[in-house]
Amino acid sequence: MLNFSLTNVAPNYQGNYTCTVVNPLSKKTRDYTIPLLVYHPPAYAMGCSVNYTGVPSQFSLTCYWLGGYPAPQLQWENDGKILSNGTLDTLLVTLNSSEYTDKPKPTCKGQHTITNEIKVDTCNVHLGYPNLQSHALRTCIKGENVTLSCSVFGANPPAVITWLRNVSNPNVEVRSGAKYQIVQIGNDSFLTIVNCSKEEDEGNYICKSENGVATKEIYIWLDVTTPHNIVGLVSAIMILFLVVVALITGTVLYCDPQIYIKANPFRKGESEVLVLVESEEEEEMQQVGDSVVNTPYTDAEPSTPAVANGNIYKHEVLFHSPPDNISSDLLSEVSEETEGEHLEEDF
């Protein structure tokens, strides 16, 4: 008889042990297998998870407690209500979101028993509704590309984001292709519309988020505009600006009494001189004019006209009787010119 013994048994000793007997005469062999079961509590902590099954308003809860023998007793419950239980190291239960109120918190309880030694553990999951964030209005210039973005947060289990069109056919799912390109990075989804047109692409787009616990949607309006002739618009504004500047400049040149313009083309007469006279200098000019008027006429050369600060302030024109020796033809010609000038002034 052959004896085999193990001391200080560890959990990894568990398994099948085989004894083989060989007949030296006939060379026949016979095997005898004995399983060794080592009772020990689970070597790992209990874990819980929640997953979206892909079916709307449906999710699954998973509870696992691995590494022990025999298998532990696991039980899912929520608010004191038992959802599912069993003696196994992994417990899975599928639930409908309509059975739960706001912010449910399912709990999994585990118990492992070895004779008088009992080990317990618990874990729980927080179910979260998906919340969406996006821009309510986007604008695209006809013929160019535009990208719509949608972000989801607070969802547990993680949400699945899909894009829908609500343009011609209501709630038609948008799929990636040559016209539409969908990229998802973490909890952010991006829909790129290539070569957008007003007839085909303008309208409502829906970002839809589902995680089995709840379904949320957010609407995004896409406005497609026709490009304007920017160069022509800027040119028209510049021309209008120059015209306004020219009008203002012409008005200032014509009306401002602080500017001296000789032979100003805006004024009538080619030889007019614009004379500015201040109030104090008017009295001085009046005195000079009175002295000139009271001065008797002589045939001597006229004196230099009155000046002030080097500028001529007034021209005095003196009319007197012509000399006796002037010809009658010249006198009649001067009279005709004088009458013509008076007539022009009257008109």
For this session: Any chance you could measure Lys179, atom NZ, to Asp201, atom CG, to the nearest 0.5 Å?
Result: 3.5 Å
Seminar exercise, completed: Taking every heavy atom of Asn16 against every heavy atom of Thr33, the minimum-distance pair comes out as CB-CG2, 3.9 Å
Exercise. Does any N or O in the side chain of Asn96 come within less than 3.5 Å of the main-chain N or O of Gln58, such that one atom is a donor and the other an acceptor?
Worked result: no
Exercise. Can you find a side-chain donor-acceptor pair between Tyr205 and Arg138 that sits under 3.5 Å?
Worked result: no
For this session: State, with a plain yes or no, whether a side-chain heavy atom of Leu191 is found less than 4.5 Å away from one of Ile220.
Result: no
Exercise. What is the distance from atom CG of Leu92 to atom OH of Tyr64, rounded to the nearest 0.5 Å?
Worked result: 12.5 Å
Exercise. Does any N or O in the side chain of His40 come within less than 3.5 Å of the main-chain N or O of Gly67, such that one atom is a donor and the other an acceptor?
Worked result: yes
For this session: Check whether any side-chain N or O of Gln14 sits under 3.5 Å from a backbone N or O of Val38 as a donor-acceptor pair, and report yes or no.
Result: yes
Problem set entry | Approximate separation, where rounding is to 0.5 Å, of Cys63 SG and Lys109 NZ | 12.0 Å
Exercise. Do side-chain atoms of Asn23 reach the backbone of Lys28 as a donor and acceptor pair under 3.5 angstrom?
Worked result: no
For this session: Grab the two heavy atoms, one from Asn51 and one from Ser49, that are nearest each other, plus how far apart they are.
Result: ND2-OG, 3.7 Å
For this session: For Asn156 and Val213, work out which heavy atoms get closest and say how close.
Result: O-CG2, 3.8 Å
Exercise. Looking only at heavy atoms, what is the nearest atom pair of Trp76 and Leu91, with distance?
Worked result: NE1-O, 3.5 Å
For this session: Say whether Ser60 and Thr94, considering side chains only, have a donor N or O and an acceptor N or O under 3.5 Å apart.
Result: no
Exercise. Does a donor on one side chain and an acceptor on the other come within less than 3.5 Å for Gln73 and Gln75?
Worked result: no
For this session: Indicate whether the side chain of Thr20 and that of Asp31 have a donor and an acceptor atom separated by less than 3.5 Å.
Result: yes
For this session: Can you measure from CE (Met46) to OG1 (Thr122) and round to the nearest 0.5 angstrom?
Result: 7.0 Å
Exercise. So, Ser151 versus Asn187: side-chain donor-acceptor pair below 3.5 Å or not?
Worked result: no
Problem set entry | Single-linkage hydrophobic cluster Val125~Val93, side-chain heavy atoms < 4.5 angstrom | yes
Seminar exercise, completed: Output for pair (Lys216 NZ, Ile161 CD1), nearest 0.5 Å, gives 14.5 Å
For this session: Can you establish whether the number of heavy atoms outside Tyr17 located under 6.0 Å from its atom OH is more than 12?
Result: yes
For this session: Give a yes or no answer on whether the side chain of His112 reaches the backbone of Pro70 with a donor-acceptor pair at less than 3.5 Å.
Result: yes
For this session: Treating Ile, Leu, Val, Met, Phe, Trp and Tyr as nodes and any side-chain heavy-atom pair under 4.5 angstrom as an edge, say whether Val245 and Leu242 lie in one connected cluster.
Result: yes
Exercise. Are the ring centres of Tyr69 and Tyr39 closer than 6.0 Å?
Worked result: yes
Seminar exercise, completed: Nearest heavy-atom contact between Asn78 and Pro106 is OD1-N, 3.5 Å
Exercise. Does Asn204 reach the main-chain N or O of Tyr219 with its side chain, forming a donor-acceptor pair under 3.5 Å?
Worked result: no
Problem set entry | hydrophobic_cluster_shared for Val174 and Leu164, side chain cutoff 4.5 Å | no
Problem set entry | Among Leu148, Ile193, Thr192, side chain to side chain contact (heavy atoms under 4.5 Å, CB included) partner for Tyr180 | Ile193
Exercise. Donor-acceptor pair, Ser97 side chain versus Gly212 backbone, under 3.5 Å?
Worked result: yes
Exercise. Using a side-chain heavy atom cutoff under 4.5 Å and only I, L, V, M, F, W and Y, what cluster partners does Trp221 have?
Worked result: Leu137
Problem set entry | Within-4.5 Å side-chain heavy-atom neighbours: Ile182 and Gln184 | no
Exercise. Side-chain contact, heavy-atom cut-off 4.5 Å: Cys48 with Leu61?
Worked result: no
Exercise. Do Cys150 and Leu132 come within less than 4.5 Å of each other through their side chains, counting heavy atoms only?
Worked result: yes
Exercise. CD/Glu202 to CD/Glu200 distance, rounded to the nearest 0.5 angstrom?
Worked result: 12.5 Å
Exercise. Do Leu37 and Leu6 belong together in a cluster built from hydrophobic side chains that touch within less than 4.5 Å?
Worked result: no
Exercise. Are side-chain heavy atoms of Asp188 and Ser149 found at a separation under 4.5 Å?
Worked result: no
Exercise. Do the side-chain sulfurs (SG) of Cys108 and Cys123 come closer than 2.5 Å?
Worked result: no
For this session: Please answer: with hydrophobic residues joined when any side-chain heavy atoms are less than 4.5 Å apart, are Trp163 and Tyr52 in the same cluster?
Result: no
Exercise. If every non-hydrogen atom of Trp65 is compared with every non-hydrogen atom of Pro42, which pair is closest and at what distance?
Worked result: NE1-CB, 3.4 Å
